[in-house]
Amino acid sequence: LEVNVAPYYGQSWEKRGVIIALHNITKLKHLEGVRRDFVANVSHELKTPVTSVRGFAETILQNEMPKETEREFIQIIYDESDRLNTIISDLLNLSKIEKNDLQLNIEKIDLVKLIHKTAKPLLKAFSDKKLTLNLPNKGRSIELFADKDRIAQILVNLLSNAVNYTPEGGMVSVKVREKKNRIVFSVKDTGIGIPQSSIDRLFERFYRVDTARARNEGGTGLGLAIVKHLVDLHGGTITVDSVENEYTEFTVDLPAER
Ligand code: ADP
């Protein structure tokens with residue numbers, strides 16, 4: 001609570017009393033805290049790869065080494081720069097969405113077709129990890145009015161998480177169904193799952209259940225925050241159901257029409 005006190009005068013400047021103003025600044029303080037955490041998180045996330053790039057470049061510059069070792073170090077520098085790139089484009093994306101700069105381009109889309117098209121570039125990642133991917137039957141057609149690129153982004157983020165957090169030999173299934181005026185799709189994996197205590201925080205920027213592991217998987221901790229915003233923008237909802245070491249299922253429920 002913020003308290004302001006000021007004297008209160010009458011017409012001939014005689015003192016009449018005091019005015020006490022009480023402002024509830026809980027929300028403001030909270031926002032300030034969120035902003036401060038965000039800046040700290042961003043700095044930390046960027047600093048890690050930058051430190052690595054700098055360290056390896058310095059080592060190459062200051063030491064004689066076999067060509068092979070040098071190439072190995074340059075590869076690390078390349079990969080870390082790539083990671084920086086991903087973090088920065090995720091951040092830009094998120095800030096665009098949060099500033100409401102994002103205009104949805106609503107059109108009629110065939111969701112089953114879109115799912116197949118979106119999954120295509122990820123197929124190699126699935127087969128590298130010996131994961132089975134089940135997609136809805138191509139013969140079906142499920143139509144909805146939505147922003148094609150944004151729905152594709154939601155799918156990519158959910159599918160990449162499914163790949164990242166499912167051990168070799170597992171299974172990932174995408175399902176679609178029509179409900180009255182709604183279209184529901186889900187991505188379910190047989191992966192490591194999410195502890196119940198983390199479910200509430202999952203859609204926060206930079207939140208990760210296991211920071212070290214997520215970073216190893218190449219995650220930025222922004223994927224689900226972006227997904228949540230995009231689902232909200234479409235007037236939909238997203239829910240998670242998970243049992244640790246058994247499965248995780250994300251379900252997106254969207255209005256079929258605008
Ligand atoms: P990241 O880039 O770290 O994957 P996300 O925002 O996409 O960030 O996800 C946040 C965290 O939620 C992840 O770090 C991971 O701990 C957890 N998570 C997301 N998807 C899954 C999943 N399918 N199975 C298990 N854990 C998941």
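Residue indices begin at 1 and follow the sequence shown. Here the structure is a predicted model, which means the values were calculated and not measured. One-based numbering, in listed order, for ligands and for the atoms of each.
- For the pair Lys188 and Tyr247, the distance from NZ or CZ to the six-membered ring centre is under 6.0 Å and the angle to the ring normal is within 45 degrees.
- Taking all heavy atoms of Gly193, Gly221, Pro195, Gly223 into account, the minimum distance to atom 1 (P) of ligand 1 is reached by Gly221.
- The atoms of ligand 1 that sit less than 4.0 Å from any heavy atom of Ile194 are 25 (C), 26 (N), 27 (C).
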For residues 133-140, please give each side-chain donor-acceptor pair under 3.5 Å, one per line with the distance, not counting sequence neighbours.
residue	atom	partner	partner atom	Å
Asn134	ND2	Ser173	OG	3.3
Asn137	OD1	Gly139	N	3.1
Arg140	NH2	Val176	O	3.3

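- When heavy-atom distances to ligand 1 are checked against a 4.0 Å cut-off, Tyr207 comes that close only through its backbone atoms N, CA, C and O.
- Heavy atoms only, all atoms of each residue included: Leu233 and Leu104 are closest at O-CD1, 3.5 Å.
- Minimum heavy-atom separation, Thr59 to Met65: O-CE, 3.5 Å.
- Every atom of ligand 1 is numbered from 1 in the order shown, and the set under 4.0 Å from a heavy atom of Val209 is 16 (O).
- At a cut-off of 3.5 Å, with distance as the only test, no side-chain donor of Thr237 or Asp253 sits close to an acceptor on the other residue.
- Each of the following atoms of ligand 1 lies closer than 4.0 Å to a heavy atom of Leu202: 12 (O).
- Residue contacts with ligand 1, taken as heavy atom pairs separated by less than 4.0 Å, involve Leu224 via backbone and side-chain atoms alike.
- Heavy-atom distances between Asn157 and ligand 1 stay at or above 4.0 Å for every pair.
- Among residues at least two apart or in separate chains, there is no salt bridge (charged side-chain N to carboxylate O under 4.0 Å, His left out) pair with a member in residues 71-82.
- Neither the backbone nor the side chain of Asn164 has any atom closer than 4.0 Å to an atom of ligand 1 (non-hydrogen atoms only).
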